[in-house]
2 protein chains.
Amino acid sequence: MFAPECPSRLMPLQIGDKWTAMIVICLEHGPRRFGELLVPLRSITKKVLAETLRAMERDGMVTRTEYPANPPHVEYELTALGRSLLTLIDASREWCREHLPELAEARARSSANG
Amino acid sequence: MFAPECPSRLMPLQIGDKWTAMIVICLEHGPRRFGELLVPLRSITKKVLAETLRAMERDGMVTRTEYPANPPHVEYELTALGRSLLTLIDASREWCREHLPELAEARARSSANG
DNA sequence: CGGAATCCCCATGGATACTG
DNA sequence: CAGTATCCATGGGGATTCCG
């Protein structure tokens, strides 16, 4: 049928982790520095941010540019490929705007019953 | 900015697990029995399928209908809410169709270099 | 057939401290 | 500032067995 080769498996693999989608959003309007990403993501740690950015770089989602200076200055920027994820993310946001209330209602019902 | 309240976090929570999206696809063309879902999903176990279906039922994504008989006969069917996820899934499939080659290429490059 | 119960692995990611 | 290095907690999910 479709089983393990189905591309739909790749979506969670690609942006289904905890932070990738939010990083894409943070980079939507231009390059950001490492420290500038830490702020809006709040509860992320440096370690996890660095790991996630490295994975995104490996996958061609972002570029990493080092500006020689002291203290160091590094900027991350979306590639065209990374930017293309925004359509997916926007679709997801749109879905949430439309259907989140239903979902909350369904959960409330099922916790009320049994 | 958007941090923890951002709806985009909910996408991975909702269909970003390993199996939910694929179950939705399996149910796209009508109700299916428990055992009929096991087949195309192949490597899923009964335990995980049952858990995932229960979560989807709780969230109003599927309905579970028990037909009194021996041996038991149970059918799962998408609700309107569950069906609405198909737009997201299709968007994800479309993204993969368009961009998977780029992604593979980027990975190959970065494993070639360093 | 359609599960529930039990056990267990291990990858994700959090906490903390250190560094060029 | 932009990371590494270590250690460790959590839980999603796999393997197996049993049941009405």
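By convention in this document, chain letters (A, B, ...) are assigned in the order of the sequence lines, proteins followed by strands, and residues within each chain are numbered from 1. Below, all heavy atoms of this structure are taken into account, side chains as well, without hydrogens, waters or symmetry copies.
The shortest distance between the side-chain N/O atoms of A:R54 and the OP1/OP2 oxygens of D:dG3 is not below 4.0 Å. Using a 4.0 Å cut-off, some side-chain N or O of B:Y76 falls inside it from OP1 or OP2 of C:dG3. Put simply, B:R33 has no side-chain N or O that comes within less than 4.0 Å of OP1 or OP2 on C:dG3. Regarding contacts with the backbone of D:dC1, every side-chain N or O of A:R32 stays at 4.0 angstrom or more from both OP1 and OP2.
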- prompt: Yes or no on side-chain contact (heavy atoms from CB on, under 4.5 Å) for B:L103 and A:M61, after CA distance, side-chain angles and deciding distance?
  reply: CA-CA 8 Å; B:L103 196 145; A:M61 302 292 181; 3.6 Å; yes
task: Could you walk me through whether B:E105 and A:L81 pass side-chain contact (heavy atoms from CB on, under 4.5 Å), step by step?
output: CA-CA 12 Å; B:E105 200 185 329; A:L81 184 58; over 6 Å; no
Salt bridge (Lys or Arg N to Asp or Glu O under 4.0 Å) assessment of A:R54 paired with A:E51: CA-CA 5 Å; A:R54 253 183 286 128; A:E51 281 173 358; 5.6 Å; no
message: What verdict does the side-chain contact (heavy atoms from CB on, under 4.5 Å) test give for B:L53 and B:R64, after you've listed the backbone C-alpha separation in whole Å, the side-chain angles of each residue and the deciding distance to 0.1 Å?
response: CA-CA 9 Å; B:L53 285 171; B:R64 177 182 184 281; over 6 Å; no
- request: Tell me, with the steps shown, if A:L85 and B:W95 meet side-chain contact (heavy atoms from CB on, under 4.5 Å).
  value: CA-CA 8 Å; A:L85 287 173; B:W95 187 92; 3.5 Å; yes
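For residues 70-93 of chain B, the pairs satisfying ring-ring contact (aromatic ring centres under 6.0 Å, His included) are B:Y67-B:H73, with sequence neighbours left out.
Between B:N70 atom CG and C:dC1 atom P there is a gap of 12 Å when expressed in whole angstrom units. Atoms NE2 (A:H73) and C1' (D:dA2) sit 11 Å apart, rounded to a whole Å. What separates CD of A:E36 from P of D:dC1 is a distance of 10 Å, to the nearest Å. Rounded to an integer number of Å, the gap from CZ of B:F34 to P of C:dG2 is 8 Å. Per the geometry, CD belonging to B:E75 stands 16 Å off C1' belonging to C:dG3, to the nearest Å. Nucleotide C:dG2 holds its P atom 10 Å from the CZ atom of B:R64, rounded to whole Å. A straight line from CG of A:L49 to P of D:dA2 spans 10 Å, rounded to a whole angstrom. Distance B:M22 CE to D:dG13 C1': 15 Å, rounded to the nearest Å.
Between the axis at the start and the axis at the end of the helix from C:dC1-D:dG20 to C:dG20-D:dC1 there is an angle of 50°, using five pairs per end and rounding to 10 degrees.
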task: Take nucleotides 8-20 of chain C nucleotide by nucleotide from the 5' end and write B, S or -, depending on whether a protein heavy atom sits under 4.0 Å from the base, only from the sugar-phosphate, or from neither.
output: -----BBB----B
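For A:V74, whose side chain is taken as the heavy atoms from C-beta onward, the closest listed nucleotide among D:dG3, C:dA4, C:dG2 is D:dG3.
The heavy-atom pair separating A:S110 from B:R58 by the smallest distance is OG-CG, 3.0 Å.
Here the side chains of A:K18 and A:T52 are not in contact, with every heavy-atom distance at 4.5 Å or above. A 4.5 Å side-chain heavy-atom check between A:T65 and A:E77 finds every atom pair outside the cut-off.
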